[in-house]
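In the text below, chain A, chain B and the rest are named by the order of the sequence lines, each starting its count at 1.
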Amino acid sequence: MMAVAEVIVDVPTMQTNRPFEYEIPDSLVEVVIPGVRVEVGFGKGKRKVQGFVMEVRDHSDFTGKLKPIERVIDVKPVLSQEMIKLSYWLADTTYAFQISCLQTMLPNVMRAKYKQFVVASEGFENDADVKKLLDNQLTLEITKDTEEQTLRKIAKLKRAHKIDIEYVVENQANSLTRQVITTDLNTDQLLEAKDKLRSNAKAQHNLVDFLLSHHDDLPIEVSNLENQFKITRATLKTAEKNNLLKFIEITKRRKPVGINPERTSNLELTEEQSTAVKDISDSIVDDKSDTFLIEGVTGSGKTEVYLQSIQKALEQGKTALMLVPEISLTPQMVNRVIGRFGDQVAVLHSGLSSGERYDEWSRIENGSVKVVVGARSAVFAPLDNIGLIIIDEEHEASYKQDDNPRYHARDVAKWRSDYNNCPLVLGSATPSLESRARAQKGVYKLINMTKRINNHALPHVQIVDMRNAENSAVKGDFSPLLQDNLWRVLKRKEQAIVLLNRRGYSSFLMCRECGFVLKCPNCDVSLTYHKNLGKMKCHYCGHEENVPHICPNCKSKKIGFYGTGTENIEKQLNEIYPDARVLRMDVDTTRRKGSHAALIEKFSKHEADILLGTQMIAKGLDFPNVTLVGVINADTTLSISDYRASERTFQLLTQVSGRAGRAEKEGHVIIQTYNPDHYAIKDAAMQDYETFYKQEMYLRHQSGYTPYYFTTLISVSHQIESQALKQSFWLKKQLQTALSDKAILLGPSPTMIARKQNKYFYQIIVKYKHEPKLHEKLMEILNDTQGEARRGFSIAIDNEPQHID
DNA sequence: AGCACGCCGACT
DNA sequence: GTCGGCGTGCTC
């Protein structure tokens with residue numbers, strides 16, 4: 001009997017997108033188990049790659065000779081059975097390679113780094129050519145910087161079998177350990193020991209004094225002692241010999257959660273809240289995988305419902321997972337969860353370094369954490385025995401990953417909820433149409449929360465018609481009504497939020513003389529300015545260049561930044577209200593790590609009167625002193641060519657309005673728009689989701705979009721534009737043969753950014769209700785176009801895209 | 001992806 | 001003749 005492992009290898013191509021079988025050597029039988037990473041030989045040469053063991057069997061049907069597993073990387077599986085199963089489902093539904101799915105599910109440090117070294121073949125150690133190539137060293141590393149000439153020489157010597165290439169698979173994931181010191185002696189014993197020290201042993205005396213005064217702080221990190229207290233390692237070593245202290249290695253948690261917020265306990269619930277908690281709790285207790293949709297107006301206390309439901313899961317000895325959009329992962333939110341559950345909580349946000357992220361992953365994986373809060377990718381948190389999954393602000397587009405694997409966290413959460421037999425709770429003031437429609441059909445259980453806590457009135461919303469000359473002509477972008485109300489807020493020493501609704505939020509360079517815009521040579525996009533680099537950069541291909549001071553087109557000096565507009569609005573605010581403290585929050589001011597949180601902190605301490613910003617200020621923030629919200633231009637998101645434009649506009653306006661008057665004080669919202677009669681704007685002003693929902697559903701029905709139809713977006717790209725177009729017509733024809741005549745095929749049409757990294761993009765949209773053959777056909781197409789892929793042709797499939805552009 | 005094999009044109 | 005270009009098939 002032979003032990004065989006099914007391994008997914010780290011080679012992301014269509015042809016290798018299946019398990020390969022490897023022999024498990026006797027010495028490794030005990031350790032090669034599903035979920036561990038292994039190092040295996042792959043291909044004809046001596047190439048080595050990392051792989052994931054999916055399954056272990058006792059025989060193989062493979063007719064050839066099996067290669068052995070060379071090394072086991074993990075002592076303990078990094079993938080649970082749940083994650084292994086999930087990866088199959090994920091690969092299938094997103095059309096992504098399974099290896100990509102596995103890597104997405106794990107912290108980045110688990111991704112192998114590959115290195116190649118040139119070494120002399122046996123017997124050629126003294127060969128003149130070899131010696132010259134290696135420059136008398138034993139090895140030569142081949143990197144991406146290795147010159148073309150050298151590569152040629154390497155190829156030549158290799159053909160002559162004078163050299164070999166050695167492959168090294170590096171594992172980046174090792175939890176850092178740190179050295180700490182502690183002592184078994186109590187203070188009396190230390191004093192006693194101090195007396196015994198030689199009087200000239202000054203450093204030792206100081207050290208003992210230090211230990212006495214910091215006795216309660218022990219253990220203390222050695223690096224801290226060296227840096228902060230200037231105690232050398234030599235001193236410590238001597239003290240160790242004298243049995244004054246001892247060294248211990250502990251696994252370092254790179255990111256200790258900041259200052260612990262004050263512990264809170266359950267708040268008293270309103271009737272609506274307690275019904276919600278009860279319904280969810282019942283599902284937790286009964287191990288039912290129900291999906292709840294909480295449709296709750298801003299300020300209705302959804303968070304408390306989440307917290308008490310989590311509490312229930314913990315009481316049942318289970319764990320809980322809570323997803324929030326990255327942007328609402330602010331200290332405000334995080335503190336509320338940590339405040340309730342203390343160090344049982346792990347927080348996964350984009351601010352973590354990859355090492356920190358790995359540490360948090362380990363804490364979750366080894367069971368020391370019961371609650372996980374995080375953004376999209378936290379849906380893969382290695383929690384065991386999940387009792388509850390929550391997705392806050394479930395309508396947020398950021399829950400969908402926009403590169404491979406293009407998964408939606410909501411779908412993954414649903415899968416895990418089914419696997420764990422636990423409820424999934426979706427919460428929003430403005431649910432996505434598809435979720436709300438599912439609730440309508442009874443697929444989800446709808447929980448309506450219509451009352452604000454303490455019966456706070458909803459903010460008073462006014463729409464300003466900017467087509468009216470009186471409003472727009474006065475002073476820049478501020479209507480008299482908005483100006484007036486800002487004055488009042490300032491006079492009352494309250495705070496205001498001003499939202500500039502912009503879709504693109506990067507600053508590009510434009511000549512005011514001739515209109516020239518600095519563009520990327522490889523992509524059809526304008527370059528954006530990166531403050532920290534001091535250079536112009538392309539978002540799509542990474543191309544960089546210096547900032548020109550004269551216009552390359554007309555030689556004028558009037559070339560400058562044309563940004564989000566926030567700077568311009570800031571200038572206007574400063575002119576109208578010279579005494580007001582304005583805080584600008586946009587990509588430029590939040591680029592540095594932590595600056596986003598710092599600005600929020602500053603505003604919540606009332607160190608500024610007006611918070612000015614884009615989308616990012618609309619979400620999840622709670623400032624009790626804010627009584628006015630002004631929206632400069634509500635329309636911009638309406639005019640985009642996406643069928644979700646109205647939905648997005650409605651959501652944004654409703655949410656930003658909810659920022660006003662969250663405490664005792666009444667809130668006031670002023671929305672400036674050129675489309676005052678548009679239903680998305682009117683309904684947002686009324687904070688009337690249900691009316692909006694009905695209207696939007698009607699329109700979606702008319703135009704045949706989600707949730708009435710499923711959509712799949714297929715984009716085709718090629719170096720040569722005509723080829724891209726030709727292939728996309730071929731693809732459309734392929735689809736037509738497989739699909740029923742009820743399916744609607746749109747396109748091919750060029751994408752909004754028609755060229756990226758010197759490739760031309762066309763897209764086809766498939767709208768359908770029931771096409772059982774579509775999935776199979778798309779898989780077939782992916783397989784068939786393999787050969788073409790070599791010639792720069794590629795296909796990307798996006799199931800249920802969030803935006804079509 | 002990355003390697004070997006194999007088939008063609010232009011050079012020590 | 002053979003070196004090295006690229007197109008093709010395959011990887012347990």
Whole Å only: how far is the CD1 atom of Ile165(A) from the P atom of dC3(B)?
-> 7 Å
Any donor and acceptor pair, going by atom type alone, linking the side chain of Tyr358(A) with main-chain N or O of Met110(A) inside 3.5 Å?
-> no
What pairs with Glu70(A) under side-chain contact (heavy atoms from CB on, under 4.5 Å), at least two apart in sequence or on another chain?
-> Lys48(A)
Round to the nearest Å and state the distance from Ile8(A) atom CD1 to dA1(B) atom P.
-> 17 Å
Sugar-phosphate only, base, or nothing, as touched by Tyr22(A) at under 4.0 Å among non-hydrogen atoms = sugar-phosphate
Produce a footprint string for nucleotides 5-12 of chain B: one letter per nucleotide, 5' end first; B if the base is under 4.0 Å from any protein heavy atom, S if only the sugar-phosphate is, - if neither.
-> --------
DNA chain C: 5'-most and 3'-most nucleotides touching chain A, 4.0 angstrom heavy-atom criterion | dG4(C) to dC12(C)
Exercise answer: donor-acceptor pairs, residues 744-760 of chain A side-chain atoms, under 3.5 Å, sequence neighbours excluded:
| unit_1 | atom_1 | unit_2 | atom_2 | d |
| --- | --- | --- | --- | --- |
| Thr751(A) | OG1 | Ile753(A) | O | 2.7 |
| Arg755(A) | NE | Asp524(A) | OD1 | 3.2 |
| Arg755(A) | NH1 | Pro521(A) | O | 3.1 |
| Arg755(A) | NH1 | Asn758(A) | OD1 | 3.1 |
| Arg755(A) | NH2 | Asp524(A) | OD1 | 3.2 |
| Gln757(A) | NE2 | Tyr540(A) | O | 3.2 |
| Asn758(A) | ND2 | Asn522(A) | OD1 | 3.3 |
| Lys759(A) | NZ | Ser794(A) | OG | 3.3 |

Does a donor on one side chain and an acceptor on the other come within less than 3.5 Å for Thr712(A) and Asn799(A)?
-> yes
Close approaches to DNA chain C from residues 115-125 of chain A, in residue order (heavy atom, under 4.0 Å) = none
Could you tell me whether the side chain of Ser80(A) and the main chain of Met83(A) form a donor-acceptor pair under 3.5 Å?
-> yes
Taking NZ, NE, NH1 and NH2 as the nitrogens, is one of them in Arg57(A) or Glu6(A) under 4.0 Å from a carboxylate oxygen of the other?
-> yes
Specify the separation, in whole Å, of atom NZ of Lys156(A) and atom C1' of dC3(B).
-> 20 Å
For Arg791(A), answer base if it contacts any base atom (sugar-phosphate contacts may also be present), sugar-phosphate if it contacts only those atoms, and nothing otherwise; contact means non-hydrogen atoms under 4.0 Å.
-> sugar-phosphate
Would you mind telling me which of Tyr95(A), Tyr768(A), Phe710(A) makes a ring-ring contact (aromatic ring centres under 6.0 Å, His included) with His775(A)?
-> Tyr95(A)
Between Asp798(A) and Lys400(A), is there a side-chain N and carboxylate O pair less than 4.0 Å apart?
-> yes
Whole angstrom is fine here: how far is it from OH in Tyr167(A) over to P in dG2(B)?
-> 8 Å
Presence of salt bridge, Lys414(A) and Asp418(A), under 4.0 angstrom | yes
Is the shortest side-chain N to carboxylate O distance from Glu39(A) to Arg71(A) below 4.0 Å?
-> yes
For DNA chain B, the residues among residues 9-16 of chain A that have a non-hydrogen atom under 4.0 Å from it = Val11(A), Thr13(A), Gln15(A)
Side-chain (Glu800(A)) to main-chain (Thr711(A)) donor-acceptor, under 3.5 angstrom = yes
For Lys158(A), report the nucleic acid contact type (base, sugar-phosphate, nothing); a contact means any heavy atom under 4.0 Å.
-> sugar-phosphate
Under a 4.0 Å N-O cut-off, is there an ion pair linking Glu170(A) with Lys115(A)?
-> yes
Cationic N near anionic O, under 4.0 Å, Glu360(A) to Arg357(A) | no
